[in-house]
Amino acid sequence: MKSENNLLEEIVSLSKRKGFVFQSSEIYGGLNGFFDYGPLGVELRKNIKDAWWEDMVRRRDDVIGLDSSIIMNPKIWKASGHIDGFTDPMVDCKESKMRYRADQLFAAEVLVDGESLGWVSLLESENMQSVAQEQAENKKRKESKQGELQDLILKPYDELTDNEQLLVPSPATGKVGSLTPPREFNMMFETHVGALRDGSSKCYLRPETAQGIFANFKNIVDTGRVKVPFGIAQIGKAFRNEITPRNFIFRSREFEQMEIEYFIPPGESEWQRHHQEWINVRKSWFSSIGLTKDCLGEEVHPQNKLAHYARACTDITYKFPFGEHELEGIAARGNFDLTQHQEHSGKSLEYFDENLKEKYLPHVIEPSLGVDRTFLAVLCSAFSVDEIDGEKRTVLRFHPRVAPIKAGIFPLVKNKPELVEVAKKLYERLQRKWNVVYDQSGAIGRRYRRIDESGVPFGITVDFESLEGDGSFTVRDRDSTEQVRMSEEELLLHMDERINP
RNA sequence: GCGGGCAUAGUUUAGUGGUAAAACCCCAGCCUUCCAAGCUGGUGUCCUCGGUUCGAUCCCGAGUGCCCGCACCA
């Protein structure tokens with residue numbers, strides 16, 4: 001475990017040293033849960049987003065794009081359930097320092113012949129009714145009461161009155177009076193639109209991009225020449241006031257999502273088929289951009305843990321240095337969202353299906369992932385330390401498609417103007433196609449190591465043979481460190497094949 | 001939110017109640033014909049604010065951030 005944490009620390013410090021990720025507002029002492037992406041980070045992010053957009057939108061006939069605003073009419077969040085449901089009332093036990101979600105903590109009053117013996121409390125579970133019954137009987141026995149125990153009515157803690165809450169014992173200690181009242185955490189950031197800061201101007205920073213898609217469903221259907229099944233894709237920032245941001249950029253308060261809402265006809269077999277298809281598509285996409293296959297996994301949400309409207313949800317997970325966690329959630333959401341927006345907006349969102357000759361609210365499969373989590377997984381997969389001739393080498397083995405810098409171009413030595421001139425010319429040509437760097441400082445080996453740490457897949461050196469002979473260059477492979485001679489045309493083809501597979 | 005630990009150069013880390021060090025990295029120059037060679041020079045609000053003190057990077061308090069554990073993650 002310790003060495004695994006060190007691995008994350010090494011990645012964090014490399015990220016800073018090479019300009020991938022900085023802590024936000026660092027010169028002011030930082031701000032918990034926010035990050036800035038430096039010169040290399042912004043390129044890597046862009047490449048990840050571009051790869052997703054290319055593969056999920058441009059190369060598919062059934063998915064189109066959208067870019068909706070971050071701040072939207074707050075009624076959207078009422079309809080989606082985020083204003084009411086995106087809160088977790090929490091209860092703390094002051095004595096045991098345990099914390100519970102108020103809606104998962106249940107309590108019931110123990111009544112014997114109408115007389116109250118106090119309350120019992122327990123955490124939500126499948127057999128909580130019988131556990132509570134047992135507790136109540138113990139209580140009755142302890143107080144040696146005769147008479148009939150009345151049926152227990154279990155209620156979640158947040159639905160009790162203030163006075164009732166005071167009587168509930170802590171499930172940890174069994175003592176009354178150590179639980180705090182439920183405290184609300186709404187994870188949505190609030191802001192105000194317009195000059196006046198009264199209630200009517202209150203708006204939210206979106207906690208997910210998905211609702212912007214649902215809100216535009218009618219626009220897309222009316223203008224996009226689409227037929228179910230089809231998807232709407234969006235990449236954009238989202239904001240959640242997380243209680244505890246942790247693990248570097250894995251859980252932050254400002255993050256970027258890549259989401260698709262894939263609309264399908266109603267019907268049990270339809271969603272089952274599409275859900276499985278998307279799981280397969282998404283999982284193979286992750287390995288196509290260079291995530292270590294052995295680190296990828298799936299986690300199927302158990303039926304009793306699903307949101308009430310969801311049919312199924314499968315996470316694609318990644319084994320990070322700090323544990324296996326969700327990269328992407330692929331949810332079958334039924335037609336919950338469109339139903340809600342139709343109801344709250346008063347506008348019909350029904351779709352007329354020409355094949356089935358019927359009107360319906362389409363159901364939806366939602367593959368939703370975080371750019372930043374993918375970024376971190378790409379970084380973790382790429383990071384490695386190996387040894388060359390007894391020397392340690394840190395190398396980021398990015399897939400060429402996502403590598404922030406595609407090639408380094410070097411004159412073998414810098415005090416020979418002929419070499420410098422040819423190298424600069426080649427640099428300018430490659431620059432028009434890709435993000436490449438020119439470097440002439442230090443010995444050639446140092447320059448190779450320098451680009452290894454930035455994850456540059458190709459090192460191209462202009463030497464004397466390039467001037468005199470056939471004009472070929474030395475092309476050095478980052479992973480194997482092997483060198484091959486290539487002409488300029490061969491080089492362009494070689495790079496293009498690997499960068500755009 | 002709770003408990004514990006930590007905060008010194010870009011990075012990793014020494015160190016001290018009396019003007020702060022090393023290694024590596026980075027930048028410039030010289031040199032260099034293929035995997036971190038060498039030489040010269042350069043780069044510092046000791047996290048912030050307050051207190052104690054003649055004097056605080058060091059001691060004390062508060063804050064902020066990071067790490068670990070618990071809890072949480074519609």
Side-chain angles (χ1 to χ4, degrees), chain A residues 1-2 4-6 8-10 12-19 22-34 38 77 80-104 172 180 183 185-188 207-208 240-248 250-251 253 305-310 313 322 325-326 329 331 387-395 410-416 419 440-453 459-467 473-478 480-483 485:
Chain A
M1 189 65 193
K2 193 172 180 202
E4 286 176 344
N5 290 329
N6 288 347
L8 184 66
E9 272 167 36
E10 266 186 77
V12 171
S13 80
L14 180 70
S15 290
K16 175 163 190 193
R17 187 152 42 87
K18 301 306 281 188
F22 305 121
Q23 191 182 16
S24 167
S25 332
E26 195 183 277
I27 61 169
Y28 288 100
L31 185 62
N32 194 350
F34 295 90
W77 306 111
S80 70
H82 285 83
I83 287 179
D84 301 322
F86 208 64
T87 66
D88 295 314
M90 306 297 304
V91 179
D92 289 312
C93 169
K94 285 179 281 193
E95 198 154 320
S96 66
K97 305 296 180 200
M98 297 292 280
R99 166 176 288 181
Y100 309 99
R101 265 175 56 181
D103 58 339
Q104 291 178 357
T180 64
R183 283 178 284 188
F185 295 98
N186 192 299
M187 289 175 130
M188 283 197 292
E208 61 174 34
R240 292 182 193 182
N241 198 1
E242 297 283 357
I243 299 166
T244 314
R246 274 278 165 100
N247 294 328
F248 196 34
F250 181 79
R251 181 179 295 124
R253 290 181 165 135
K305 278 200 164 178
L306 291 173
H308 62 94
Y309 50 80
C313 186
F322 46 86
H325 294 284
E326 173 191 355
E387 228 178 274
I388 296 177
D389 301 331
E391 294 263 16
K392 267 198 171 177
R393 174 178 83 136
T394 302
V395 52
F410 316 123
L412 184 58
V413 291
K414 73 174 164 187
N415 61 355
K416 295 285 188 292
L419 291 179
Q440 59 175 32
S441 82
I444 189 69
R446 174 181 292 274
R447 284 176 268 164
Y448 286 148
R449 298 298 176 82
R450 208 179 271 149
I451 63 169
D452 287 339
E453 275 203 329
I460 303 155
T461 301
V462 175
D463 55 23
F464 293 95
E465 227 178 304
S466 313
L467 303 178
F473 311 111
T474 300
V475 180
R476 180 256 195 189
D477 180 82
R478 173 197 63 201
S480 65
T481 75
E482 273 166 24
Q483 307 187 77
R485 295 204 72 87

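Chain identifiers are assigned alphabetically (A, B, ...) following the order of the sequence lines, protein sequences preceding nucleic acid strands; residue numbering begins at 1 within each chain. Fair warning: this is a prediction, and the values are worked out from it, not measured in the lab.
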Protein proximity profile, nucleotides 29-45 of chain B - base contact B, sugar-phosphate-only contact S, no contact -, cut-off 4.0 Å on heavy atoms | --BBBBBBS--------

Please check if the side chain of A:Arg450 supplies one atom and the backbone of A:Gly445 the other of a donor-acceptor pair under 3.5 Å.
-> no

Identity of whatever pairs with B:rA14 - Watson-Crick or G-U, under 3.5 angstrom = none

Distance between the C1' atoms of B:rG15 and B:rC58, in whole angstroms?
-> 10 Å

Using the P atoms only, state how far B:rG3 lies from B:rG44, rounded to an integer number of Å.
-> 40 Å

Can you check whether A:Phe410 reaches A:Gln440 side chain to side chain, under 4.5 Å on heavy atoms?
-> no

If pairing requires Watson-Crick or G-U wobble contacts with both distances under 3.5 Å, which nucleotide is the partner of B:rU57?
-> none

How far, in whole Å, is B:rU8 from B:rU13 if one measures between their P atoms?
-> 9 Å

Base-pairing mate for B:rA9 - Watson-Crick or G-U, with both contacts under 3.5 Å = none

From CA spacing to verdict: ring-ring contact (aromatic ring centres under 6.0 Å, His included), A:Phe322, A:Phe250 | CA-CA 10 Å; A:Phe322 46 86; A:Phe250 181 79; 5.6 Å; yes

Rounded off to whole Å, could you give me the CG-to-P distance for the A:Asn247 and B:rC72 pair?
-> 16 Å

Separation of atom CZ in A:Arg17 from atom P in B:rC26, rounded to whole Å | 9 Å

Kindly say whether A:Thr481 contributes a backbone atom to a donor-acceptor pair with the side chain of A:Arg476 at under 3.5 angstrom?
-> no

According to the Watson-Crick and G-U wobble definitions, with both distances under 3.5 Å, which nucleotide is paired to B:rU19?
-> none

Quick one: which of A:Asp452, A:Ile388, A:Ile451 gives a side-chain contact (heavy atoms from CB on, under 4.5 Å) with A:Val395?
-> A:Asp452

Student check: side-chain heavy atoms of A:Arg240 and A:Glu208 closer than 4.5 Å = yes

What is the pairing partner of B:rC39, taking Watson-Crick or G-U wobble pairs with both distances under 3.5 Å in any strand?
-> B:rG29

Between atom CD in A:Glu10 and atom P in B:rC24, what is the gap in whole Å?
-> 19 Å

Of the candidate nucleotides B:rG65, B:rC67, B:rG10, which contains the atom at the shortest distance from the side chain of A:Glu9?
-> B:rC67

Under a 3.5 Å cut-off for both distances, is B:rC46 Watson-Crick or wobble paired, and to whom?
-> none

Decide yes or no on salt bridge (Lys or Arg N to Asp or Glu O under 4.0 Å) for A:Arg17 and A:Glu453, but give the supporting numbers first.
-> CA-CA 10 Å; A:Arg17 187 152 42 87; A:Glu453 275 203 329; 3.1 Å; yes

Separation of the P atoms in B:rU57 and B:rU48, to the nearest angstrom = 9 Å

Whole-Å distance between B:rG63 P and A:Leu31 CG?
-> 17 Å

Whole-Å C1' distance, B:rG61 and B:rA36 = 47 Å

Could you give the distance separating B:rG10 and B:rC6 at their P atoms, to the nearest angstrom?
-> 23 Å

Could you check which of B:rC66, B:rG69, B:rG10 has an atom nearest any side-chain atom of A:Arg246?
-> B:rG69

A:Arg485 side chain to A:Thr474 side chain, donor-acceptor N/O pair below 3.5 angstrom | yes

Could you state the CZ-P distance from A:Phe248 to B:rG65, rounded to the nearest angstrom?
-> 17 Å

How far does the C1' atom of B:rC46 sit from the matching atom of B:rA7, given to the nearest Å?
-> 10 Å

For A:Asn32 and A:Lys16, take the nucleotide of RNA chain B holding the closest heavy atom to each; which residue's nucleotide lies nearer the 5' end?
-> A:Lys16

Counting only Watson-Crick or G-U wobble pairs whose two distances fall under 3.5 Å, which nucleotide matches B:rC70?
-> B:rG1

Residues A:Asp463, A:Lys416; criterion salt bridge (Lys or Arg N to Asp or Glu O under 4.0 Å); working and verdict | CA-CA 10 Å; A:Asp463 55 23; A:Lys416 295 285 188 292; over 6 Å; no

Could you please name the partner base of B:rU52, counting Watson-Crick and G-U wobble pairs only when both distances are under 3.5 Å?
-> none

How close or far is atom C1' of B:rG10 from atom NZ of A:Lys18, stated in whole angstroms?
-> 11 Å

In whole angstrom, give me the gap between the P atoms of B:rA28 and B:rC35.
-> 23 Å

